[in-house]
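Values in this document were obtained by computation on a predicted structure and should not be read as measured data. Letters A, B, ... are given to chains in the order of the sequence lines, protein chains preceding strands, and every chain is numbered from 1.
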2 protein chains.
Amino acid sequence: MEESQKYRKSRQREKILEILHGTKTHPTADTIYLIMKNEYHDLSLGNVYRNLNILVETGKIRRLDFGSTFNRFDGNCEMHPHFVCEKCNSVRDLVLIDNFNPADFIKNLNGKTVKEYSLEFFGVCENCR
Amino acid sequence: MEESQKYRKSRQREKILEILHGTKTHPTADTIYLIMKNEYHDLSLGNVYRNLNILVETGKIRRLDFGSTFNRFDGNCEMHPHFVCEKCNSVRDLVLIDNFNPADFIKNLNGKTVKEYSLEFFGVCENCR
DNA sequence: CTGGGTGCAAAATCTTTGCAGATCC
DNA sequence: GGATCTGCAAAGATTTTGCACCCAG
């Protein structure tokens with residue numbers, strides 16, 4: 001009764017989680033697929049997508065979206081901002097000062113209930129200057 | 001030499017701009033297409049996309065992206081945050097207090113040059129509570 | 001006239017899904 | 001054994017693009 005009964009354990013799903021926990025590169029579904037393909041030779045991309053969706057649904061990972069045509073995924077579910085470099089397309093984690101709440105800076109939040117927010121920066125990273 | 005010589009004037013492109021300036025609903029390409037279809041009966045969706053891309057490129061409009069599978073567009077190019085209601089899917093403009101700069105709250109910006117940022121809130125709007 | 005603009009249809013890209021067989025508990 | 005998981009392939013959804021014709025300057 002602790003864990004969801006909805007999903008069984010799956011070696012491939014755990015591998016995806018392991019990959020996402022072991023990197024800060026915020027890979028796309030396809031990148032994850034290619035990494036796993038070395039080990040799971042008959043892996044299908046559709047299954048990677050299925051498992052990524054399950055992991056997002058169960059709150060184990062986060063889906064990121066930066067205006068590109070594809071999603072990236074993040075094994076770190078804590079809310080944190082990112083920096084996207086327009087030259088090398090890398091995505092880096094940023095760290096906020098403590099107790100930062102962007103809703104404090106909005107004038108017209110009125111009766112809206114904020115559950116989440118996303119804060120993303122775009123520019124040129126230190127390696128690409 | 002004032003305006004870009006790259007693009008000629010186009011009635012349809014101007015109509016798109018007019019629609020985006022006249023609404024706060026942040027419509028999708030398809031919505032814009034449907035609105036225009038009343039007036040331009042043989043309009044094609046491809047052409048709406050082409051013109052939206054040109055308008056984004058020339059800085060006349062902004063492309064928005066909220067993790068959905070499709071883009072929305074905004075005629076207001078001033079940087080401003082949005083609120084996305086998870087119930088009615090509406091997208092509202094938010095207003096920041098003066099002189100707010102989110103980069104001031106990041107600990108590890110290091111040598112990165114920020115050109116833009118996006119700040120989006122998700123939750124339930126006042127009409128959907 | 002010349003080169004951008006357009007509709008049309010096909011293609012491209014990313015993601016989801018139906019199905020039948022394999023696997024886990 | 002029954003539900004979940006998987007690969008495969010097809011389908012979906014959104015966006016882009018090649019082409020031939022049209023039109024603005």
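- Taking atom CD of residue A:Glu57 and atom P of nucleotide C:dT16, one finds them 12 Å apart after rounding to whole Å.
- Protein atom CZ of A:Arg50 is 11 Å distant from nucleotide atom P of C:dG18, rounded to whole Å.
- Evaluation of atom-type donor-acceptor distances gives a pair under 3.5 Å for the side chain of B:Arg8 against the base of C:dG3.
- Aromatic ring centres of B:Phe100 and B:Phe105 lie closer together than 6.0 Å.
- At whole-Å resolution of the value, CG in B:Leu55 and C1' in D:dT15 are 16 Å apart.
- OP1 or OP2 of C:dG5 sits under 4.0 Å from a side-chain N or O of B:Arg13.
- Distance alone, capped at 3.5 Å, is enough to place a donor-acceptor pair between the A:His80 side chain and the A:Glu78 backbone.
- Salt-bridge formation is detected for the pair A:Glu18/A:Lys15: a Lys NZ or Arg NE/NH1/NH2 atom is positioned less than 4.0 Å from an Asp or Glu carboxylate oxygen.
- OP1 and OP2 of D:dT4 both lie 4.0 Å or more from every side-chain N or O belonging to A:Ser10.
- An OP1 or OP2 oxygen of C:dT15 is reached within less than 4.0 angstrom by no side-chain nitrogen or oxygen of A:Asn53.
- Nearest to the side chain of B:Asn51, among D:dC8, D:dT15, C:dT6, sits C:dT6.
- The nearest whole Å value for the distance from the CD1 atom in A:Ile54 to the P atom in D:dT4 is 10 Å.
- Rounded to whole Å, the distance from CZ on B:Arg72 to P on D:dT14 is 12 Å.
- A:Asn47 has no side-chain polar atom (N or O) that falls below the 4.0 Å cut-off from OP1 or OP2 of C:dT17.
- The shortest distance between the side-chain N/O atoms of A:Arg11 and the OP1/OP2 oxygens of C:dC24 is below 4.0 Å.
- The side chain of B:Thr28 contributes no N or O atom lying less than 4.0 Å from OP1 or OP2 of D:dT14.
- For the pair A:Lys9 NZ and C:dC24 P, the interatomic distance rounds to 12 Å; values are reported in whole Å.
- With salt bridges taken as basic N to acidic carboxylate O contacts below 4.0 Å, one links A:Glu57 and A:Lys6.
- Across the interface with DNA chain D, nearest-nucleotide mapping of A:Gln12 and B:Phe73 shows A:Gln12 to be the residue nearer the 5′ end.
- In this entry the distance linking NZ of A:Lys6 with P of D:dC5 reads 10 Å, nearest Å.
- Backbone-only contact: B:Asn71 has heavy atoms under 4.0 Å from sugar-phosphate atoms and none from a base.
- Nearer the 5' end of DNA chain D, as judged by each residue's closest nucleotide, is the contact made by A:Asp42, out of B:Ala29 and A:Asp42.
- Backbone-only contact: B:Phe70 has heavy atoms under 4.0 Å from sugar-phosphate atoms and none from a base.
- Taking the six-membered ring for Trp and the full ring otherwise, the centers of A:His82 and A:Phe121 sit at least 6.0 Å from each other.
- Closest to the B:Tyr49 side chain, of the nucleotides C:dG7, D:dT16, D:dG7, is D:dT16.
- One interatomic measurement links the two molecules: NZ of B:Lys37 to C1' of C:dC8, which rounds to 11 Å at whole-angstrom precision.
- B:Asn108 places no side-chain N or O within 3.5 Å of a backbone atom of A:Leu94 that could act as its donor or acceptor partner.
- Closest-nucleotide positions on DNA chain C for B:Thr69 and B:Val48 were compared, and the one nearer the 5' end corresponds to B:Val48.
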